[in-house]
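Data block below; observations after.
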Amino acid sequence: GATTDELHQAAAGCPAVCVSAGPSLAKNVHLLADPQVRRNVIVITAQTTLKPLLDRGIRPDFVTALDYHEISKRFYEDLPDLPDVTLVAEPKGHPTIIDHFPGPVRMTNSGLLDMMLGDLARPRVPVKDGATVAHLSFYLAQHLGCDPIILVGQDLGFSEGLYYCPGTSIHDVWANELSPMNTLEMMEWQRVVRHRTHLQRMTDARGQTIYSDEQMLTYLKQFERDFVGAPQTIIDATEGGLPKEGADAMPFADALAEHAASPAPELPMPHIRIDAKRLQSIRDLLAIRIDEVQQLKQLAHDTVPILRQMEEHQLDSERMAKLFKRLEKQKKAVARLNVTFDVVNNLNTIGAFKRSKADRAIRADEGDDAMARQRKQIERDMINIEWLVQAYDESLAIFEASLQRVEQMLDGTPANVIPAEAVACE
């Protein structure tokens with residue numbers, strides 16, 4: 001499929017407007033509906049604000065997506081055809097996003113998938129991974145070479161006691177719950193105070209008190225780190241929400257008047273011709289990965305009895321020596337499958353965290369003798385294998401679903417798939 005490589009520096013020096021779903025967006029987003037303004041900027045919206053923009057007659061150039069949950073489907077329900085709007089998605093996003101977007105799609109790079117593909121991986125121009133769709137929008141603007149980058153709707157706090165900009169998809173979900181005794185404003189406030197223990201009083205860009213929470217403040221810190229190292233001019237035209245270090249605060253109308261003076265360049269659209277021969281290679285690789293995960297899972301199950309015996313016979317040095325030899329044999333078998341193991345371990349984030357935490361505790365406890373330390377290491381390895389088995393099961397589900405999708409593409413042979421014979425002739 002299409003990648004983001006073709007977009008690299010495709011809009012160098014052109015202003016970009018990154019649209020997010022903060023409550024302040026309702027104040028100034030209408031300015032993008034002016035055809036003259038719209039021609040002169042690149043508009044990148046988070047998936048959350050696609051519908052609100054379309055409802056206002058504004059068609060963005062790009063929509064960004066990375067959410068892993070199937071609920072993301074709601075952002076793409078009942079959309080018109082969008083042949084001129086490109087979805088830029090990270091591969092970690094749920095496949096329902098790709099399946100339901102009614103327009104062209106480009107995918108960013110993925111170090112994990114490059115590891116998965118091995119020799120089939122192709123060189124890519126990287127786009128930084130986003131913690132949120134708002135961050136991904138900013139990184140896409142940088143990838144395009146846009147300058148300045150103008151932020152709107154990026155409150156990072158609950159301006160006017162609201163969580164979302166009016167018109168977002170969640171308001172449609174809430175619609176059947178509304179009544180004179182349960183207004184939209186009340187549901188917005190309930191959404192804000194749901195995590196009341198994490199709320200913090202802050203001072204917004206206008207000097208007024210505003211609530212934010214730990215999640216939003218974490219996003220703010222990441223933005224501020226990004227702004228410090230950015231060669232572009234960053235303009236915060238949100239006109240509300242929290243101030244952002246490294247960004248120049250400016251009314252949106254002034255930012256557009258100063259920077260949106262000439263037409264934006266025409267951007268390349270994806271023209272996809274899928275290579276059936278490459279798909280066949282990927283199908284074969286997925287089958288190998290599935291087989292290797294099954295081998296790793298069996299090795300994990302076979303290792304558990306060894307660890308249990310080590311736990312039981314720790315004082316029997318002769319027996320322990322034999323058990324260590326068996327354990328070493330298991331480790332060597334895992335090492336032979338190191339690529340697939342590394343892929344799975346990248347998915348095993350909780351297990352990796354727990355192992356790291358246990359290692360740190362073992363190192364910190366200086367009062368332990370050698371036997372006590374060994375016992376804790378065995379306990380650590382038992383827990384680690386429990387999490388690895390879960391990761392193997394999850395990986396098998398993902399790889400098998402991927403294999404099924406590849407086989408469906410090959411069996412169906414859509415019009416945009418190049419026959420393998422034609423590729424060979426070329």
Side-chain angles (χ1 to χ4, degrees), residues 1-6 65-70 72 87-99 105-131 136 139 143 270 272 274-300 331-353 355 384-385 387-411 417-418 420 423:
T3 73
T4 50
D5 285 12
E6 198 179 7
L66 51 70
D67 293 321
Y68 64 89
H69 199 284
E70 190 175 6
S72 294
L87 174 71
V88 173
E90 289 191 11
K92 67 189 177 199
H94 196 282
T96 192
I97 297 169
I98 312 303
D99 293 341
V105 177
R106 292 184 184 273
M107 303 297 289
T108 64
N109 56 292
S110 167
L112 177 61
L113 291 188
D114 284 348
M115 185 191 304
M116 171 83 176
L117 288 169
D119 293 339
L120 288 174
R122 292 169 167 170
R124 294 288 307 278
V125 180
V127 177
K128 189 175 178 181
D129 290 345
L136 178 56
Y139 302 146
H143 183 76
I272 305 168
I274 297 173
D275 183 342
K277 186 175 181 180
R278 180 170 170 81
L279 271 179
Q280 290 169 353
S281 298
I282 291 171
R283 177 189 59 189
D284 296 342
L285 176 64
L286 278 166
I288 291 170
R289 296 289 186 232
I290 288 169
D291 179 65
E292 290 181 346
V293 173
Q294 289 169 335
Q295 291 181 52
L296 287 165
K297 183 179 176 182
Q298 187 59 53
L299 285 166
K331 289 180 179 179
K332 288 179 179 178
V334 170
R336 286 194 290 270
L337 305 171
N338 64 310
V339 174
T340 302
F341 179 76
D342 288 343
V343 171
V344 174
N345 228 23
N346 269 272
L347 301 176
N348 184 29
T349 51
I350 297 177
F353 169 76
R355 182 182 177 93
N384 187 53
I385 286 178
W387 281 97
L388 275 172
V389 169
Q390 293 182 56
Y392 292 142
D393 288 337
E394 193 68 28
S395 299
L396 284 172
I398 293 170
F399 297 167
E400 287 168 356
S402 300
L403 180 59
Q404 184 179 14
R405 289 173 75 92
V406 171
E407 289 178 337
Q408 286 171 349
M409 293 176 72
L410 285 168
D411 293 342
V417 175
I418 307 170
V423 174

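Index from 1, following the sequence. Hydrogens, waters and symmetry mates are skipped; everything else that's a heavy atom, side chains included, is used.
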Exercise. For the residue pair Gln295 and Asp291, confirm or rule out a side-chain donor-acceptor distance under 3.5 Å.
Key: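 Yes, Asp291 and Gln295 have a side-chain donor paired with an acceptor closer than 3.5 Å.
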To the nearest 0.5 Å, how far apart are [atom1] in [X] and [atom2] in [Y]?
| X | Y | atom1 | atom2 | answer |
| --- | --- | --- | --- | --- |
| Leu136 | Leu66 | CG | CG | 5.5 Å |
| Ser402 | Leu285 | OG | CG | 11.0 Å |
| Met115 | Asn346 | CE | CG | 4.5 Å |
| Asp393 | Lys297 | CG | NZ | 3.5 Å |
| Tyr68 | Thr96 | OH | OG1 | 15.0 Å |
| Ser395 | Glu292 | OG | CD | 12.5 Å |

Looking at [X] and [Y], what are the two nearest heavy atoms and their distance?
| X | Y | answer |
| --- | --- | --- |
| Pro270 | Val105 | CG-O, 4.2 Å |
| Asn109 | Val125 | OD1-O, 4.0 Å |
| Asn348 | Trp387 | OD1-O, 3.6 Å |
| Thr108 | Pro91 | OG1-CD, 3.4 Å |
| Gly130 | Tyr139 | CA-CE1, 3.9 Å |
| Pro123 | Asp5 | O-OD2, 3.8 Å |

Quiz item: For the side chain of Arg278 and the backbone of Leu120, is there at least one donor-acceptor N/O pair under 3.5 Å apart?
Solution: yes
Exercise. Using atom types as modelled and distance alone, determine if a side-chain donor or acceptor of His94 lies under 3.5 Å from a backbone N or O of Ser72.
Key: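 Flag not set: sc His94 to bb Ser72 has no pair under 3.5 Å.
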Given side chains that start at C-beta, do those of [X] and [Y] come closer than 4.5 Å, heavy atoms only?
| X | Y | value |
| --- | --- | --- |
| Ile282 | Leu117 | yes |
| Leu87 | Ile98 | yes |
| Leu279 | Arg283 | no |
| Val127 | Glu90 | no |
| Thr4 | Arg124 | yes |
| Phe399 | Val343 | yes |

Quiz item: Does CD in Glu400 sit with more than 12 non-hydrogen atoms of other residues, nucleotides or ligands closer than 6.0 Å?
Solution: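 Yes, the 6.0 Å shell around CD holds more than 12 heavy atoms from other groups.
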Exercise. Take atom CG of Leu112 as the centre, draw a 6.0 Å sphere, and report whether it contains more than 12 heavy atoms from other residues, nucleotides or ligands.
Key: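 Above 12, so yes.
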Quiz prompt | Listed partners of Asp114 passing salt bridge (Lys or Arg N to Asp or Glu O under 4.0 Å), at least two apart | solution = none
Quiz item: Do Asp99 and Arg405 sit within salt-bridge range, that is, some charged N less than 4.0 Å from a carboxylate O?
Solution: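 Salt bridge flag = yes for Arg405 with Asp99.
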